[in-house]
Amino acid sequence: MRLLFIHSDFIEYNVREKATDIAENIESESERVEDVLVVFVSVERNDKMNTAENAAEEIDNVAKQIKANKIFIYPYAHLSSDLANSEQAINILNKLRKRVRELGYEMHTSPFGWYKSFKISCKGHPLSELSKTITENEETEALRNENKLKTSWYILIDGILNDVEKFDYTGYDNLKTFVEYEIKGTRAVQETPPHVKYMKTLEIAGYEEGSDAGNLRYYPKGKLIKNLIENYITSRVLNYGAQEVETPIMYDYNHPALKSYLERFPARQYTVLSGEDRFFLRFSACFGQFLIAKDATISYRQLPLKLYELTRYSFRREKHGELVGLRRLRAFTMPDMHTFVTDMENAKDEFLKQYMLSIDVLKDFGLSTEDYEVAIRFTREFYENNKEFINDLQKMIKKPVLIQIWEEKFFYFILKFEFNFVDNTKKAAALSTVQIDVDNSKRFNITYINARNERVNPLILHCSPSGAVERIIYAILEKAEKDKQKGMKPMFPIWLSPTMVRIIPVDKNHLEFSEKIMDKIKNSSIRVDIDDREISLSKKIREAEMDWIPYITVIGDKEISSNKLTVRERSGNANYEITVEDLIKNIRERISGFPYRDLNENPYLSKRIIFS
RNA sequence: GCCACCGUAGCUCAGUCGGUAGAGCGGCUGACUUGUAAUCAGCAGGUCGGGGGUUCAAUUCCCUCCGGUGGCUCCA
């Protein structure tokens, strides 16, 4: 809805002739009102009854500011190029008139649907002319209907569904926090989540004001960590049997299958206008892969088929107030795998494998089942037919899980799980997730040929074994903070540490020897750097500790003569002596099986810039 | 998106009941030549988030926009 306010000495109008078929009855052909706030109103296509309420509130605000007690509502089509139809417009307009009256104003108005002549005199003070746009959120059907969904909540343990209110949470504090967050939305902590601070001090990522909110920039350390995480997940998924593809990041709004899928997906899109065309940015890799599968020739003998893409990025235009650090973004990196299977038994089989895959993937980021809470959600019908299957999922993680049962199928999936990380501000964020999708193969016309030579729609599993890569960094940082509060030193898993070994020469005449050590370590595929700055030893140690560097080794006369290194290990207590070869061996053991990338910075600290 | 709070040097923050600003860290220069969490001194950095208004005068008061954080709501 568009509003144009004119604080006027007077307005007068005369009705001329009908402009639309559906026009209001005329109560008076003309009127003149003095000293009045005139509001020209265009009702737009997306406006709802609720828009009228919001508009009335806005009018109230303006009227109070300029101390007006008379309001003139003037239907005026020419403020918008996206008008509502006449019927809708009259309804909403009437609602607006009613609300304005209810707010205690002397309300005047002119009839909708007529050409009118008018004279107006604007007072001309700074606030006398204002325009406002009142928008409704462009919610998808899925978003609008979500609160109408009838759901029941339980805590499942050992095959028993416990009432979520009556369950004894003793020993399960984290689950309790998660349940409260999930169901009641209550939370107590009012502070910036620790990962936001670390994201900056560790030079991982930063806000980019030159972009839209929720689109981050990554500094060399963050980019290295992100690359390693991405490489790791991709190799795990490929190892699981997926084939990697790459698909476009934007899609046509008018594509029929995409359009109906958009309606069922609970998220807001970025829209891209290009010339006459309207596109949306993908919010997952679903369509890209579905559109590939639609055109592929698939036999039942080749199923299950697994397609995978790591999206950089997936875009969701989340509400501005929702965005925080690495937890909630508008552009995020997400591994997204789709598995096409013949029937529900196969789907369950893959679901279970992917459940275990997810547990295993998170474990390598230092996140065990202790660190997150499991939610399993399904339709009542699925549960009635698969109670044992669900019970087994719970038993595998050896602690109670949150259950949500939908009385009817509303989403495109009938079963899903998520692993939710509960952070230091008692907020939860989903990491890994798998869904069994029963709708989209029909919607996208994806088929395979079965043994009887018939075309059949497969079932599709959606799987993100880790969740968004940014969320993994978030969870690692938040967990590090939890460790810190328990008295441990916060750190990254060694394989993700931007610098694994920091060499600190005591004096500049130890530099040459230090460089030799550095080369040895570097040649063993271990990220090593050297603090060659001319500052005190204590200060170098302090900064290395603040950078969470897992191995610090100081090199001076003693090391040169003994040919052993003195190592200060972050996860240990006392310093110890060790040969370079043994140190290399120890570290190699701890990082074997993980992806490796070289240092993404200058190895000489004196050559590094400060990013933040 | 709505509500609340915040935005001062590269960073963390102090300050101005309206008269254009300070500290620590960081940077630069110099001294020191150092053995496991901050060596010392000097110097250079600010259209006090943007725009508008009130005022003789605005970083300070008002409006508005932008950004951040928290809450609502929602999700990977």
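Order of the sequence lines fixes the chain letters, A, B, ..., with proteins taken first and strands second; residue numbering starts at 1 for each chain.
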Q: A cation-pi test, strictly: NZ or CZ of A/Lys482 under 6.0 Å from the centre of the six-membered ring of A/Phe421 and no more than 45 degrees from its axis. Yes or no?
A: yes
Q: Just to confirm, is there a sub-4.0 Å distance from OP1 or OP2 of B/rU39 to any side-chain nitrogen or oxygen of A/Ser536?
A: yes
Q: Without decimals, in angstroms, what is the distance between A/Ile504 CD1 and B/rU34 C1'?
A: 13 Å
Q: Roughly how many Å apart are B/rU8 and B/rA58, using the C1' atom of each and rounding to a whole number?
A: 14 Å
Q: Taking 4.0 Å as the cut-off, does a side-chain nitrogen or oxygen of A/His320 come that near to OP1 or OP2 on B/rG68?
A: yes
Q: The side chain of A/Arg328 is closest to which nucleotide in this list: B/rA38, B/rA76, B/rU34?
A: B/rA76
Q: So, is A/Lys427 close to the B/rG71 phosphate, meaning a side-chain N or O under 4.0 Å from OP1 or OP2?
A: yes
Q: Return the value, rounded to whole Å, for the distance between atom CG of A/Asp531 and atom P of B/rA38.
A: 14 Å
Q: Does B/rC3 have OP1 or OP2 under 4.0 Å away from a side-chain N or O of A/Lys319?
A: no
Q: State whether A/Lys540 places a side-chain N or O below 4.0 Å from either non-bridging phosphate oxygen (OP1 or OP2) of B/rG35.
A: no
Q: Report yes if a side-chain nitrogen or oxygen of A/Arg568 is closer than 4.0 Å to either non-bridging phosphate oxygen (OP1 or OP2) of B/rA37; otherwise report no.
A: yes
Q: Select one nucleotide: of B/rU36, B/rA76, B/rG1, the one nearest the side-chain heavy atoms of A/Arg471.
A: B/rA76
Q: Using atom P of each nucleotide, how far apart are B/rG24 and B/rU60 to the nearest Å?
A: 26 Å
Q: On the nucleotide B/rG26, are OP1 or OP2 found under 4.0 Å from the side-chain N or O atoms that A/Lys539 carries?
A: yes
